[in-house]
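Working notes, structure below.
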Amino acid sequence: MHEGELDPVIHAQARLRVMAALSTLDDGDQVTFPRLQEILGMTAGNLSAHLRKLEDAGYVDLTKKFSGRMPTTLVALSRRGRHAFEEYTAAVRALLDPPK
Amino acid sequence: MTNDLTNDERPPATPADSMRLIREQRAAAGRRLFPSQLYFLVPWGLAWLIGFGLFFLRYGPNDRTYLSMPGWLPLVALLGLLGVSMVISAVASARAYRHMAGPSALKGAMYGWAFFLGFLSLGVSIARVSDELPPNDQGLLWAAASVALVGALHMAGGAVWHDKSLFALGVWLSLVNVAGVIAGPGWHSLVIALAGGGGLLAFGAVLAVRRRTWLAEPV
């Protein structure tokens, strides 16, 4: 296993950060877009673009919710995304500490 | 703007950078999404320690008074401290769950209602019969029934969140409550103050250490 085999969807600084942040949520739990944006310190446009790419890869689920009159987007890792992130993390660990 | 996007697209320079990014981001998210349980446990622990402590000092075993104070003070202090704890818990919960949705948020909401309605039904029931009892036993009934309910709710919470230490706290509170009741009215207050309040504070310390460990090594 070498660096070239790391999942290219995740293996980009911004998207890795998005996946890492979302991975702290339990299965089924979602975070609002504004809160996620705040945690990551990205602009709304920037985060939207990264989420769209991750959604296209099937790694995140975006749901629109209407709380009162304000629509808000809820974000969560999909099951596939969670597996992909776990595999990415395991691969990185293996690169850092190769099994003998 | 385009420059940001280009930088963002770049892969982390080394595997070590990847791991560092993962760790840092998970810790940052964890810190923001899951506030410390100390907000819950310290107020309640202190409320029990101080409130029941005052009860012991004013209404001690065999009707002894160890520290003279107005007769109404222990109850007012206890209820006041519990009220403050309730507000702090509610605010901390709201701030944590406001930006989340899903099973965890639902669990938290249901658990909160369990406390509220549980105490409402307990309070109404006891209020109806407590006048029949001698004064010392009235106080004991209120205290013991409340602690019993809190113990049960903590054990249930352990079941809901698959948390053995939360369950253990509930067991501890229940056993301590039984021991206190058997010992009698004045002693019950002391037992709940030290072992109950102390138990809550100790559990808070356990959770604080657990959180710090996780934040340092979040993956």
Side-chain angles (χ1 to χ4, degrees), chain A residues 1-4 6-43 45-47 49-50 53 61 63 65 67 72-76 85-86 88-98, chain B residues 1-36 93-111 157 160-163 210-219:
Chain A
M1 167 71 83
H2 58 83
E3 272 182 72
L6 290 173
D7 185 339
V9 174
I10 302 179
H11 196 50
Q13 291 187 57
R15 291 197 294 274
L16 177 57
R17 287 175 57 216
V18 173
M19 297 288 286
L22 290 174
S23 72
T24 58
L25 293 167
D26 283 336
D27 272 337
D29 285 335
Q30 306 161 297
V31 64
T32 63
F33 182 95
R35 180 54 71 90
L36 182 60
Q37 189 191 334
E38 184 193 324
I39 290 169
L40 292 166
M42 294 179 180
T43 65
N46 218 359
L47 179 57
H50 295 306
K53 229 171 192 146
D61 291 326
T63 322
K65 181 181 80 145
S67 53
T72 187
T73 304
L74 294 170
V75 187
F85 180 73
E86 281 165 15
Y88 179 91
T89 307
V92 168
R93 232 193 233 112
L95 285 171
L96 288 172
D97 195 11
Chain B
M1 199 64 136
T2 329
N3 220 2
D4 278 345
L5 215 48
T6 316
N7 282 338
D8 282 351
E9 291 291 332
R10 279 212 293 249
T14 66
D17 283 330
S18 284
M19 191 53 92
R20 187 183 42 83
L21 267 178
I22 292 171
R23 286 215 167 104
E24 281 173 3
Q25 198 60 75
R26 273 179 63 91
R31 209 175 275 122
R32 200 73 185 82
L33 290 171
F34 309 111
S36 172
S93 282
R95 286 175 68 190
Y97 287 121
R98 197 174 31 184
H99 299 279
M100 284 174 46
S104 294
L106 184 60
K107 279 181 192 175
M110 290 196 287
Y111 196 60
V160 167
W161 280 285
H162 306 152
D163 188 340
R210 217 192 257 176
R211 177 183 166 84
R212 190 171 306 154
T213 308
W214 186 87
L215 286 173
E217 196 81 40
V219 80

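Note that the structure is a prediction, hence the values are computed from the model and not measured. We name chains A, B, ... by the order of the sequence lines, and we start the count at 1 in each one. What you see below is based on every heavy atom in this structure, not just the backbone, and it leaves out hydrogens, waters and symmetry mates.
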_Check: A:R15 side chain, A:V9 main-chain N or O, donor-acceptor pair, under 3.5 Å_ = yes

*Heavy-atom distance under 4.5 Å between the side chains of B:P12 and A:L16, does that happen here?*
yes

_Can you tell me which portion of A:Y88 sits under 4.5 Å from chain B's heavy atoms? Options are side chain, backbone, both or neither._
side chain

*Atom OG1 in A:T89, atom CE in A:M19: separation rounded to 0.5 Å?*
8.5 Å

*Do you know which two heavy atoms are closest between A:A21 and A:L36, and how far apart they sit?*
CB-CD1, 4.2 Å

*Atom pair CG (A:D61) and OG1 (A:T73), whose distance is rounded to the nearest 0.5 Å*: 12.5 Å

*Anything in residues 211-219 of chain B with a heavy-atom distance to chain A below 4.5 Å? Please list those residues in order.*
B:W214, B:V219

*Are any side-chain N or O atoms of A:R35 and backbone N or O atoms of B:M100, one a donor and one an acceptor, separated by less than 3.5 Å?*
no

*Look at B:S104, B:G30, B:G102 and state which one has the largest set of heavy-atom pairs under 4.5 Å with chain A.*
B:S104

*Measure across B:A29 and A:I39 and return the closest heavy-atom pair with its distance rounded to 0.1 Å.*
CA-CG2, 3.7 Å

*Given the options B:A28, B:A16, B:S18, which has more heavy-atom pairs under 4.5 Å with chain A than any of the others?*
B:S18

*Which one of A:A76, A:P34, A:G28 has the most heavy-atom pairs closer than 4.5 Å to chain B?*
A:G28

_Between A:L22, A:L25, A:L74, A:T32, who has the most heavy-atom pairs with chain B when the cutoff is under 4.5 Å?_
A:T32

_I'd like to check B:V160 versus B:M110 (side-chain heavy atoms, cut-off strictly below 4.5 Å). Are they in contact?_
no

*So what's closer than 4.5 Å to chain B heavy atoms on A:K65: side chain, backbone, both or neither?*
neither

*Would A:H50 and A:R17 count as a side chain to side chain contact (heavy atoms under 4.5 Å, CB included) if you check the C-alpha gap in whole Å, the side-chain angles of each, and the deciding distance to 0.1 Å?*
CA-CA 10 Å; A:H50 295 306; A:R17 287 175 57 216; over 6 Å; no

